[in-house]
Amino acid sequence: MSETMSDQPAPVTDAVLRALPKVELHVHLEGTFTPDRITELARAAGEPLPRPADQIYLTADLSEFLATLDWVCGLVRTPEEASAQAAAFAHAAAAQGTVYAEVIVNPTHWSGLPVAELLAAVADGFEAAHRDGGADCRLLPSLLRSQPAEAAEALVELMQKLAHPRIVGLSVDGNEAAAGPGTCARFAPAYELARSKGFGATAHAGESSGPEGVRDALDLLGVSRIDHGVRAVEDPSLVRRLADEGITLNVCLTSNCHLLYPSLDDHPLPTLAAAGVPFTINTDDPETLRITLASELGLAARHLGWGVDDLVESQRRAVRASFADEATKAALLARLDAFRPG
């Protein structure tokens, strides 16, 4: 079966998209606050809303968007509020048919809590939600590109000290263009430490940076997958490398079309797929973009001419690229093998 189309594809319907056991590897907890939740937190914190809650994320560019995330996450002032946000996401994901998610949390956005309290609370919220029927969510603490090397290494040391089974990997995000060159070199020791402690390694690259950002993430950070990565298409030799080395791109179609491409027709995913680059489909910031994982998979199916078999295989790729333990991967793959669309 090809990456893009089965020989005789069964149609991908809304019912199939809802029922499919779904796996997500690129979603930010910062982008999961509903308007009602923002209103509730602002009231508790005594903060006035800068504009109506359902318009909070109507921002002009990436810099303004990131500043808005800072404000929203800064409303979280207690571990209980952080745990509640994590649990709310896990339950909402489960209600939409997501069974496993690796969720990025960048502590620099959450000014209301110390980092250790934040990470422990989020991990505990995921744990409690999973016991109560929520999606199996794992945590990827993330660095901000402008942080110093010492802060990066301190975050990895904290991850090791917490030793929470739901903390599974290290990420880096933020505005690549604004941070300038040198980020990957500065964070290389932290990533080496993380890998030596058994944590997975991923990085945002090839979004606000070009293919050079992807290459640096591979060469200097030793990542096994890339969040976004779509601008690798601008360098054919890099595309070949991604395919040859099996580096998975965690692609976010709607997000990319907000920031990078005029329309889905301009998105390079078909070119990357045809070249054999492994990829997954993700939401990035579902509440801010008003999307779901099912809706994004539906976009991918239409864009790539997928049938149901291709859709299921996309979820198998996500399982294989995840930082889950082998027993969890085996259980997820068995669940996909057993999936029978109605």
Side-chain angles (χ1 to χ4, degrees), residues 24-47 56 66 68-95 98 100-144 147 151-174 190 194 197 199-200 202 283 285-288 323-325 328:
E24 179 154 34
L25 303 182
H26 183 174
V27 57
H28 298 259
L29 190 62
E30 294 87 358
T32 67
F33 288 82
T34 65
D36 286 347
R37 180 66 170 152
I38 293 170
T39 302
E40 175 187 329
L41 288 168
R43 186 180 299 115
E47 295 274 357
I56 287 291
L66 293 173
T68 300
L69 288 185
D70 287 344
W71 182 81
V72 171
C73 295
L75 297 173
V76 175
R77 309 287 171 83
T78 69
E80 291 77 16
E81 289 173 339
S83 288
Q85 183 61 29
F89 169 75
H91 284 298
T98 297
Y100 179 91
E102 293 183 359
V103 185
I104 299 163
V105 172
N106 188 319
T108 65
H109 291 302
W110 305 69
S111 58
L113 280 176
V115 177
E117 289 185 24
L118 170 67
L119 297 184
V122 169
D124 288 345
F126 286 156
E127 181 70 30
H130 190 225
R131 289 197 303 266
D132 195 31
D136 183 353
C137 293
R138 311 297 171 96
L139 173 56
L140 304 180
S142 191
L143 302 164
L144 187 65
Q147 286 183 277
E153 292 177 51
L155 179 62
V156 176
E157 289 167 358
L158 176 59
M159 290 162 59
Q160 183 185 11
K161 181 179 178 180
L162 290 173
H164 199 294
R166 292 198 174 271
I167 300 177
V168 297
L170 179 66
S171 173
V172 59
D173 61 15
K197 301 303 181 184
F199 293 112
T202 186
T283 61
D285 296 288
E287 282 297 327
T288 72
F323 299 146
D325 57 274
T328 299

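Glu102 places a side-chain N or O within 3.5 Å of a backbone atom of Phe323 that can act as its donor or acceptor partner. Judged by distance alone, with hydrogens and angles left aside, the side-chain atoms of Thr39 form a donor-acceptor pair with the main-chain N or O of Pro35 at under 3.5 Å.
In this structure, the side chains of Tyr100 and Glu24 stay at 4.5 Å or more apart for every pair of heavy atoms. With a 4.5 Å cut-off on side-chain heavy atoms, Pro141 and Ile167 count as touching. Residues Asn106 and Leu143 have side chains not in contact (no heavy-atom distance under 4.5 Å, counting atoms from C-beta outward).
If you check the side chains of Thr328 and Asp325, you find a donor sitting under 3.5 Å from an acceptor. Remark: the Thr34 side chain and the Asp36 side chain contain no N/O donor-acceptor pair separated by less than 3.5 Å.
Here Phe89 contributes atom CZ and Glu287 contributes atom CD; the two are 10.0 Å apart, rounded to the nearest 0.5 Å. Atom OG of Ser83 sits about 11.5 Å away from atom CD of Glu127, to the nearest 0.5 Å. Distance check, rounded to the nearest 0.5 Å: CG of Asp173 to CG of Leu69 gives 9.0 Å. Rounding to the nearest 0.5 Å places CG of Leu170 at 8.5 Å from CG of Leu140. Annotation: the span from Thr108 atom OG1 to Leu144 atom CG amounts to 4.0 Å, rounded to 0.5 Å. Distance check: Gln147 CD to Leu155 CG gives 7.5 Å after rounding to the nearest 0.5 Å.
The shortest heavy-atom contact between Asp285 and His28 is OD1-CB, 3.4 Å. Between Gln85 and Thr32, the shortest heavy-atom distance links the atoms NE2-OG1, 3.1 Å. Val27 approaches Pro286 most closely through the heavy-atom pair CG2-CD, 3.6 Å. Across every non-hydrogen atom of Leu158 and Leu119, the tightest pair is CD2-CD1, 4.1 Å. Contact detail for Pro79 and Glu117: the closest heavy-atom pair is CG-OE1, 3.6 Å. A pairwise comparison of heavy atoms in His130 and Gly134 identifies CD2-O, 3.2 Å as the closest pair.
Ion pairing between a basic and an acidic side chain is recognised when a charged N comes within 4.0 Å of a carboxylate O; Arg37 and Glu40 show such pairing. A salt bridge does not link Arg131 with Asp136: none of the charged nitrogens is closer than 4.0 Å to a carboxylate oxygen.
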- Working for side chain to side chain contact (heavy atoms under 4.5 Å, CB included), residues Leu29 and Ile104: CA-CA 6 Å; Leu29 190 62; Ile104 299 163; over 6 Å; no

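Taking the centre of each ring, Phe33 and Trp110 come in below the 6.0 Å mark.
The stretch residues 74-92 participates, sequence neighbours left out, in these salt bridge (Lys or Arg N to Asp or Glu O under 4.0 Å) pairs: Glu47-Arg77.
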